[in-house]
> 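My questions will all concern the structure given below.
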Amino acid sequence: MKRFLALLLTLLALMACGGPHRFTGTLLDPPEPIADWTLTDQHGQPFRLSDQRGKLVLLYFGYTNCPDFCPITMGIWKQVRAHLGADAEQVRFVMISTDPARDTPEVLARYLSAFDPAFVGLQPTPEQLDALSRKFGAGVDANAQAHGDHHAGLDPRLHGTYTYVLDRQGRWRLLFPYDTPVEAMVADLRALLREGAGS
C-alpha cells in the first residue's frame, strides 16, 4: 500500500509539473512580428535586432534622468537577471532611450553599469524612436524632451512603464506591467525559454 501511495504521489507531481504554464504577464496571441532594426548601443556599436534570434529580448523605453519608473524598472531587471541564474545568458535586457539627445552612448554606459553591465542601452534617432514607440504603443513623444524639466516628475510623454518581451523568433510575445512581481517575471521568461528551446 505504501508503495502504491508513493507511486501515486510521484505521478501527481509529474502531472503538475508537466501542465501548461499560466502566464502572469499579458500574452500576445498570436505573437506580433517585429520588423528588423538597428540602433547604436552604449559602446557605440550597432545593435541589430535580428542578431538576437535564439534569445529572449526585454525592451523598455526610458531615459537616464528619469527620477522614478526607469531606475526602479532597471532595479527590477537586475533582480530578474539574478534570479534567472544560468538562464540569464539567453535573455537580453535592452533600454531604448527616449532622450537620445542627452543619452549619449557614454551616458548610457555609466547609467546602466550601475545596475548590471550586461544591460544594453540604445540611442535611437528621433525618427527611430517615433517608429518603435508607435509599434509598441509606448506613447513616447520624441519631441517632448525639448520641453520642460526632466526632474519635475513623471511625464507620460517621456517613457512608458511596460516591459516588452520578444521571443526567440523575434516576435513580440509578452507584456509586463510595471508592478509585475519579480518571481512571476522569472517564471514567465523561463516558460518562454522552454517553449523555444527546440526552435
> With a 4.5 Å cut-off on side-chain heavy atoms, are His83 and Met185 touching?
no

> Can a donor-acceptor pair be found, under 3.5 Å and without considering hydrogens, that links the side chain of Asp167 to the backbone of Arg171?
yes

> Considering residues at least two apart in sequence or located in another chain, which fulfil the side chain to side chain donor-acceptor pair (under 3.5 Å) criterion with Glu32?
Lys135

> How far apart are the closest heavy atoms of Gly44 and Pro105, and which atoms are they?
N-CB, 4.2 Å

> Which atoms form the tightest heavy-atom contact between Pro124 and Pro100, and what is the distance?
O-CB, 3.0 Å

> Just to verify, what does Asp188 make a side chain to side chain donor-acceptor pair (under 3.5 Å) with, not counting sequence neighbours?
His21

> Is there a path from Val107 to Phe47 through hydrophobic residues (I, L, V, M, F, W, Y) whose side chains come within less than 4.5 Å of each other?
no

> Which value, rounded to the nearest 0.5 Å, describes the distance between Thr98 atom OG1 and Tyr60 atom OH?
8.0 Å

> Decide if atom OH of Tyr162 counts as having more than 12 heavy atoms of other residues, nucleotides or ligands within a radius under 6.0 Å.
no

> Under a 3.5 Å distance rule, please check whether Asp41 uses its side chain to pair with a backbone N or O of Val120 as donor and acceptor.
no

> Is a donor on one side and an acceptor on the other found under 3.5 Å between the side chain of Ser133 and the backbone of Asp130?
no

> Following the transitive rule for hydrophobic clusters with a side-chain heavy-atom cut-off under 4.5 Å over Ile, Leu, Val, Met, Phe, Trp and Tyr, establish whether Phe115 and Val91 coincide in one cluster.
yes

> Calculate, to the nearest 0.5 Å, the distance between atoms CZ and CH2 belonging to Arg48 and Trp37 respectively.
11.0 Å

> Can you see which heavy atom on Gly170 is nearest to which on Ile34, and at what distance?
O-CB, 3.6 Å

> Over 60° means perpendicular and under 30° means parallel, so classify the ring planes of Tyr164 and Phe136, tilted if in between.
tilted

> Please list, chain by chain and in numerical order, all residues satisfying side-chain contact (heavy atoms from CB on, under 4.5 Å) with Leu112, sequence neighbours excluded.
Gln42, Met74, Phe119

> Can you find a heavy atom in the side chain of Arg81 that is under 4.5 Å from one in the side chain of Glu89?
yes

> Any side-chain heavy atom of Val80 within less than 4.5 Å of one from Leu189?
yes

> Where the side chain of Arg53 meets the backbone of Gln169, is there a donor-acceptor pair that is under 3.5 Å apart?
yes

> Salt bridge or not between Glu195 and Arg190? Use side-chain N to carboxylate O under 4.0 Å.
no

> Can you tell if the side chain of Arg92 reaches within under 4.5 Å of the side chain of Leu166, non-hydrogen atoms only?
no

> Under 4.5 Å between any side-chain heavy atoms of Thr163 and Trp77, yes or no?
yes

> Enter the distance from Phe93:CZ to Leu59:CG here, rounded to the nearest 0.5 Å.
11.5 Å

> Got a donor-acceptor contact below 3.5 angstrom from the Asp36 side chain to the Ser50 backbone?
yes

> If you compare all heavy atoms of Trp172 against all heavy atoms of Leu28, which two are closest, and at what distance to 0.1 Å?
CD2-CD2, 3.5 Å

> Are Thr64 and Asp99 side-chain neighbours, meaning at least one heavy-atom pair lies under 4.5 Å?
no

> Is there a donor-acceptor pair closer than 3.5 Å between any side-chain N or O of Gln128 and the backbone N or O of Thr38?
yes

> According to a 4.5 Å side-chain heavy-atom criterion applied to Ile, Leu, Val, Met, Phe, Trp and Tyr, with indirect links allowed, do Phe176 and Leu193 form part of one hydrophobic cluster?
yes

> Quick one: CG on Asp179 to CD1 on Ile72, what's the gap to the nearest 0.5 Å?
11.5 Å

> Please round to the nearest 0.5 Å and tell me the distance separating atom CD1 of Ile96 and atom CG of Asp103.
12.5 Å

> For the residue pair Tyr111 and Ser97, establish whether any side-chain heavy-atom pair is separated by less than 4.5 Å.
no

> When rounded to the nearest 0.5 angstrom, what is the spacing between CG in Leu39 and CG in Leu49?
9.0 Å

> To check you understand the geometry: which heavy-atom pair defines the closest contact between Thr104 and Gln123, and what is its length?
CA-NE2, 3.7 Å

